[in-house]
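Notes for the one structure printed next.
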Amino acid sequence: MAIMNHPRVLAALDRPLDEVLVDAVRRYTKPLARLRNFSSASDNDDADDQPMLPLDDDIDPTPTEPRHYVRPDDVALAALLGRAFDGNRGALTELLNSTTTIEVPALEYLEPTARVLRQHVVRADNLILDGDGLSASETGIVAPGSLAIFTRDGNTKSKLARDGNAEFASALQRGFAVVGIAADAERALPRNLVRMADHRIVVPPLDAGAIAAVIEAITGRRPVDIDRELGRRIGLGDLTVAVRADLGPAGCIERLMRLAAGSDTDDVPTLAEMHGLGEAREWGLNLVADLQAYMRKAIPWSAVDKGCLLSGPPGTGKTTFARALAKAAGPNVHFLSASYSQWQAHREGHLGHVTAAIRDCFSRAMQCSPCILFIDEIDSIPARNAGLHNSNDGPSQKHDDWWRAILTTVLECLDGVERREGVVVVAACNHPTLDPALLRAGRLDKHVRLPLPSVSDLAGIMRGHLGDDLAGLDLTPAAVAARGGTGADVERWVRNARRVARVAQRPLVFDDLVTAIRDGAPDLPADVRRRVAVHESGHCLAGLILKVAQPVSLSIHSAGGIAEMAPEDVSLQTRDRVEKHIAGLLAGRAAEELIFGTVLTGAGGSRRSDLSVATRLALMLEASYGLGELGPIWIGEDLDPRDLLLSGDLRRAVRQTLDAAYATAKNVLTSNRDALDRLADALFARGYLDRREIDVAMAPPPAITTASATPALSSPPLADDPPALTAEPATCE
């Protein structure tokens, strides 16, 4: 008996194919409006009272027939696949005697697409086999109308583009028609299948029309109106969670809106309202302008930054900044967030599951473009050849292979974003020690740093968290106490201060906030506070006179003090400039000796201290920059002061450089003793001075040397990083 060619029958129908396939799904499943509970005899007695959901006059389910609920994802794919075939009915006519690729928007579409294709497009009368399960050794000819389906997610090791060509060839030789289903056909399907495909069907992403079809199929009533943006903000899994027959159309839409609201950005401040962003604000505003111009079709996608690495200490607001970007760009720009830990938690966390989660994340971003995809803690993925493991076999090698596969998947997905429009990837980390491949052009090729907030920034952040509390008060003293903290710290301090006030059953007072910031630590004793004021004033004065840097602010807090400096031009470095830089670093200690006749331990101790940075910089003069007494030699860039213990000549050269710089600092401060005293007195009294107040305290200004511009006081480097002459804002402690 001849087998009916059901795809050809469908292609000949006058009705829209999305309606035909949706009706087919509804008939096949014979749904009930609500599930029956057979847990008791009384429930069985009332079974006839359970309301049936009328669908079509020709459906007359009886109590003896098995019943199933309508799968929302199947209905959605029936509508979308029907639309795709409506655009190419010739492909549907030839489906059972040709090779066809079906590309879906995301991995979650794979199984529903294959299911709808098997059950409602081809039908069970035909022989349908898994293409990857075919054996190349089989030679039996199959009946006409037989179909081999290759469904690929591109994550199983044996199912990549380089695999499956033998099975595909065997299917053709035995007389199978072939269909390949994938989100990325070029990468996932057998290479020869893609090359030999007679037809290419592209399934569109979920939209308002498909959502309406799902709700109508499940509830029996078509929704009146659906926000066009809803389809971009939800996935197929959300339909399964939110759409139920007993809720009605309005209830289903309300639940979908609640799910979609999880990706909204309403609760974040605007970029203009955020404090402490540094260079990130300018980049963010420029990106927002470019995205808006792109959406107006004023500029091409190639003119928009597609990737950015956002780095900064923990708590500086990297996630909030990314969300604020999406908010500033407008309601049509979606925001998605991800992290390696989320990918790792996907299913059982096997390598194939993790890479599938990564690809699905990027697929969802492309589906809801324009979109900002935020990947937190990207430094969780180690760089290749990072030296973590040296073994060539065993667990260490397997560990390296794991991370290499993860990194490769991320790189492939970033390249996919480069090819597809509308997705900006913002990745965040604390320390930007990433694999260089991540930072190449077209990937995360823009590096934006979020610094620790300044005193004025901290005051602004506090005001934002305080709202109407402490209205009208100057928050500068609290911000000075909070110096070195982050936006996340400020949020915690304000919360703790409010708790204290709430327990005491009174309004919040300023002392509550300061106490929360200091965490019970007392004020510095007056003599220590005076010495800190002198130390920081020494840094400021020497930096200004030696033209090392321009002062930004000086502050005293419960743990010490900070001199924040803006660097001068550092484009050309000579030995003289580097020596002046070292003198600026040692000027705090020199000021203490000048005023008090003794020095304390504050200039040394930690790797971030003034002495540490100065010593390492002097060491680099000799052994890295080639500007020292040892001549034009280069020993390395990752130098450690412990190297001084191994070479007497190197140790003597470094000591001579430090002694000369220290003498320079003392001479500069001695010549400007009055300015040093005035500045230290003002800082001691107030605890914080901005640039205007610094200038007022030093009036008349000290004499500036006529030497050429010198390198700036740089921030103490991150742990294990060598000191660097940098053009970034800097601090001395």
Side-chain angles (χ1 to χ4, degrees), residues 10 15-35 51-56 59 61 67-86 102 104-121 181 183 201-263 334 360 363-364 367-368:
L10 291 176
R15 292 180 62 198
L17 292 179
D18 57 338
E19 296 179 5
V20 173
L21 291 181
V22 168
D23 283 348
V25 173
R26 297 165 72 193
R27 287 188 175 92
Y28 180 82
T29 50
K30 297 183 173 63
L32 289 175
R34 58 179 174 172
L35 298 178
M52 300 287 291
L53 180 65
L55 297 175
D56 292 289
I59 298 179
R67 300 197 175 94
H68 311 277
Y69 72 92
V70 177
R71 294 185 60 115
D73 52 351
D74 281 6
V75 178
L77 260 299
L80 298 173
L81 188 60
R83 274 192 240 158
F85 275 123
D86 244 337
I102 299 179
V104 296
L107 296 180
E108 64 174 342
Y109 287 66
L110 289 176
E111 291 185 10
T113 300
R115 198 161 46 240
V116 170
L117 187 73
R118 290 171 181 269
Q119 296 176 355
H120 308 297
V121 177
I181 307 174
I201 300 297
V202 179
V203 177
L206 192 65
D207 59 14
I211 295 173
V214 171
I215 293 175
E216 182 180 18
I218 303 298
T219 67
R221 290 174 292 169
R222 191 162 184 89
V224 176
D225 185 34
I226 296 180
D227 185 355
R228 293 180 59 185
E229 291 295 311
L230 185 59
R232 296 174 54 244
R233 296 179 176 271
I234 64 172
L236 294 180
D238 296 326
L239 293 174
T240 304
V241 171
V243 180
R244 294 206 324 248
D246 58 328
L247 296 176
C252 294
I253 293 176
E254 189 272 333
R255 287 165 66 93
L256 287 172
M257 294 295 292
R258 281 160 53 192
L259 290 173
S263 60
H334 194 36
D360 187 59
S363 294
R364 286 188 290 111
Q367 178 184 345
C368 63

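Keep in mind the model is a prediction, meaning the values are calculated, not measured.
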**Request:** Tell me, with the steps shown, if Leu239 and Val75 meet side-chain contact (heavy atoms from CB on, under 4.5 Å).
**Result:** CA-CA 10 Å; Leu239 293 174; Val75 178; over 6 Å; no

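Partners of Arg15 under the salt bridge (charged side-chain N to carboxylate O under 4.0 Å, His left out) rule, at least two apart in sequence or in another chain, are Glu19, Asp23. With sequence neighbours excluded, the residues satisfying side-chain hydrogen bond (donor to acceptor under 3.5 Å, both in side chains) with Asp207 are Arg83. Qualifying side-chain hydrogen bond (donor to acceptor under 3.5 Å, both in side chains) partners for Arg228, counting only residues two or more places apart in sequence or in other chains: none. Not a single salt bridge (charged side-chain N to carboxylate O under 4.0 Å, His left out) links Arg255 to another residue, sequence neighbours left out. Arg222 pairs by the side-chain hydrogen bond (donor to acceptor under 3.5 Å, both in side chains) definition with Glu216, not counting sequence neighbours. Residues satisfying the side-chain hydrogen bond (donor to acceptor under 3.5 Å, both in side chains) test with Asp227, not counting sequence neighbours, are none.
If you take SG on Cys252 and CG on Asp246, they are separated by 8.0 Å, rounding to the nearest 0.5 Å. Atoms CG and CG, on Asp73 and Leu236 in that order, are 6.0 Å from each other to the nearest 0.5 Å. Of the inter-residue distances, the one linking Leu117 atom CG with Leu21 atom CG reads 9.5 Å to the nearest 0.5 angstrom. For the atom pair CD1 (Ile234) and CE (Met257), the distance works out to 9.5 Å, reported to the nearest 0.5 Å. Taken from CG in Leu17 to CG in Leu81, the straight-line distance is 9.0 Å, to the nearest 0.5 Å. Here Ile181 contributes atom CD1 and Ile201 contributes atom CD1; the two are 11.5 Å apart, rounded to the nearest 0.5 Å.
The heavy-atom pair separating Leu256 from Asp238 by the smallest distance is CD2-O, 3.8 Å. Residues Pro72 and Val214 share a closest heavy-atom pair of O-CG2, 3.6 Å. Here the closest non-hydrogen pair linking Leu259 and Ala242 is CD1-CB, 4.0 Å. Scanning all heavy atoms of the two residues, the minimum distance from Asp74 to Val116 falls at O-CG2, 3.6 Å. Taking every heavy atom of both residues into account, Asp18 and Ala79 meet most closely at CB-O, 3.2 Å. Summarising the geometry of Leu80 relative to Ala210, their closest heavy-atom pair is CD2-CB, 3.9 Å, with the distance given to 0.1 Å.
Judged by distance alone, the side chain of Tyr109 and the main-chain N or O of Pro205 form no donor-acceptor pair under 3.5 Å.
In this structure the side chain of Arg115 never reaches within 4.5 angstrom of the side chain of His120, judged on heavy atoms. For the pair Thr219 and Leu247, the minimum side-chain heavy-atom distance is 4.5 Å or more.
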